[in-house]
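Single-structure report; data block below.
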Amino acid sequence: MSKRFKGEFSPKVKSARDERYVAPKNMGRLRTYRAFAIPMFVAGFLSILGGHPIAALSCIGAGLGVLASAHITKDGLIAESEYHSRVISRAPALPRKTIGALIMGASVSIGSWLGAEVNMITSIGVGAIATIGMVMSFGLDPIRAKGLAGVNQHEASRAADAIDKAEALLKEIREMAVAFKDRRLRLDVENLAISAEDMFQSIENDPGEYRNARRYLSVYLEGARDATSQFINLPKNQQSAEATAKYTALVRELDTGFRQKSQLMLEDNRNSLDIEIDVLRERLASEGITISKE
């Protein structure tokens, strides 16, 4: 499997999965909807000065509802981007964009009715328009799992499970590595993450490999996560050059192993794969990291 070049002075490479968290294409429109909270808060403040507590609470509550709607909708956009970035994926567990649209409509209705004292029927109509506007701006949430044509859906679902768990481990590793002051050490961890993501893509292209992938990814990524946790939790006076070199060597070995041994998985060389997993488990055990057998 090829490895993306990423030298110390090369530009930062973002994977498709990274990009979905950075700037969803609808963020501009989302900021516009979020701005609707400003006049509601202003109206609430003026109602307090005017001695109208019910109107004040209604306006402030409606403003908070608008902000909550925007936040939930943003999460929905991220979940949708994740869904579309994968070959196989389940629909998001919660229809966040739909929930966000409904909260927006309810907030606008309450703010209009109790805050601005517009009649109830008109307020409901304005809220409905706000909800429809959100749906037209951001669409509805994906509702169906997707997989590859001709692939057993149960098998694809289990492959998605394995990747979800592996991505959670990878996220932990990346979050811990942010604290590293050594740029080269952060780069080593990122290279390992890129190799892992390459394997995720290979598994998505062939969900039938999920049986190998689940055990394989847990051995590598649980080991990397535990090693990173152990290293970062060392007292400052114990994070010596020797400890750093030892951790660096382990991360690089895991990175190399990920790239080389994933090829064995693609070739369905199960016997060789089992041997390599056992060897790696022994290597991690020498670092005081125990990986359970599945």
Side-chain angles (χ1 to χ4, degrees), residues 14 17-86 89-146 160 164 167-168 171-172 174-176 178-179:
K14 292 185 177 73
R17 290 186 171 81
D18 292 328
E19 290 172 353
R20 72 174 183 265
Y21 294 109
V22 175
K25 63 182 180 180
N26 292 316
M27 279 300 295
R29 278 178 282 183
L30 195 59
R31 283 191 289 269
T32 300
Y33 278 101
R34 190 183 290 121
F36 290 170
I38 296 175
M40 294 182 180
F41 287 137
V42 172
F45 178 72
L46 294 176
S47 295
I48 292 174
L49 296 179
H52 304 291
I54 294 179
L57 289 174
S58 299
C59 289
I60 293 173
L64 292 174
V66 168
L67 294 180
S69 168
H71 180 74
I72 293 171
T73 301
K74 179 182 177 181
D75 286 345
L77 290 170
I78 292 172
E80 182 183 36
S81 180
E82 178 179 358
Y83 173 87
H84 289 304
S85 72
R86 293 179 172 182
S89 181
R90 289 195 202 82
L94 289 175
R96 295 178 180 87
K97 293 198 297 178
T98 302
I99 293 173
L102 292 174
I103 292 176
M104 178 64 74
S107 299
V108 170
S109 292
I110 291 173
S112 298
W113 179 34
L114 299 179
E117 297 184 350
V118 176
N119 69 74
M120 182 185 296
I121 301 300
T122 301
S123 296
I124 292 175
V126 172
I129 292 173
T131 297
I132 294 172
M134 288 281 285
V135 172
M136 292 180 66
S137 295
F138 307 112
L140 296 174
D141 303 88
I143 59 174
R144 295 179 180 176
K146 67 174 183 175
D164 285 344
E167 282 193 324
K171 181 180 178 182
E172 289 184 60
R174 277 176 157 150
E175 288 175 348
M176 288 187 285
V178 170

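When reading the values below, keep in mind they use all heavy atoms of this one structure, side chains included, and skip hydrogens, waters and symmetry mates. Residues take their numbers from the sequence shown, with the count starting at 1.
- The backbone N or O of R96 lies less than 3.5 Å from no partner atom in the side chain of D75, so there is not a single donor-acceptor pair.
- Panel note: side chain S109, backbone S123; a donor-acceptor pair is recorded below 3.5 Å.
- Checked against the 6.0 Å centroid threshold, F138 and Y33 count as a close aromatic pair.
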Open item on the list: I'd like to know whether T131 forms a side-chain contact (heavy atoms from CB on, under 4.5 Å) with L102, so could you lay out the CA-CA distance, the side-chain angles of the two residues, the decisive distance to 0.1 Å, and finally the verdict.
Closed with: CA-CA 6 Å; T131 297; L102 292 174; 4.2 Å; yes
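- Contact annotation: the side chain of K171 never approaches that of M176 to less than 4.5 Å [non-hydrogen atoms, C-beta and beyond].
- Here the side chains of I60 and F41 are in contact, with some heavy-atom distance below 4.5 Å.
- For the residue pair A43 and C59, the shortest heavy atom distance occurs at CB-SG, 3.8 Å.
- The structure places CG of D141 at 4.0 Å from OG1 of T98, a figure rounded to the nearest 0.5 Å.
- Looking at V108 and M40, their side chains come closer than 4.5 Å, going by heavy atoms from C-beta outward.
- Across all their heavy atoms, A91 and I143 have their closest contact at CB-C, 3.5 Å.
- A pairwise comparison of heavy atoms in S69 and A101 identifies OG-N, 4.4 Å as the closest pair.
- Looking at K74 and M27, their side chains come closer than 4.5 Å, going by heavy atoms from C-beta outward.
- We find the CD1-NZ distance between I78 and K97 to be 12.0 Å, quoted to the nearest 0.5 Å.
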Open item on the list: One pair to check against side-chain contact (heavy atoms from CB on, under 4.5 Å): E117 and H52. What are the steps and the verdict?
Closed with: CA-CA 11 Å; E117 297 184 350; H52 304 291; 5.7 Å; no
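- Taking every heavy atom of both residues into account, S47 and A55 meet most closely at OG-CB, 3.8 Å.
- The number of heavy atoms from other shown groups lying within 6.0 Å of CG (L46) is above 12.
- Rounded to the nearest 0.5 Å, atoms CG (L57) and CD1 (I110) are 12.0 Å apart.
- With a 4.5 Å cut-off on side-chain heavy atoms, V66 and R34 do not count as touching.
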Task: Evaluation steps, side-chain contact (heavy atoms from CB on, under 4.5 Å), between M134 and T73 - done: CA-CA 9 Å; M134 288 281 285; T73 301; 3.3 Å; yes
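- Listed for the S58 side chain is a donor-acceptor partner under 3.5 Å among the backbone atoms of I54.
- When all heavy atoms are compared, the tightest approach of G65 to I103 is O-CG2, 3.4 Å.
- Here the CE atom belonging to M136 is positioned 10.5 Å from the CZ atom belonging to R29, to the nearest 0.5 angstrom.
- L30 and L77 get closest at one heavy-atom pair: CD2-CD1, 4.4 Å.
- The side-chain hydrogen bond (donor to acceptor under 3.5 Å, both in side chains) test applied to R31 returns no partner, not counting sequence neighbours.
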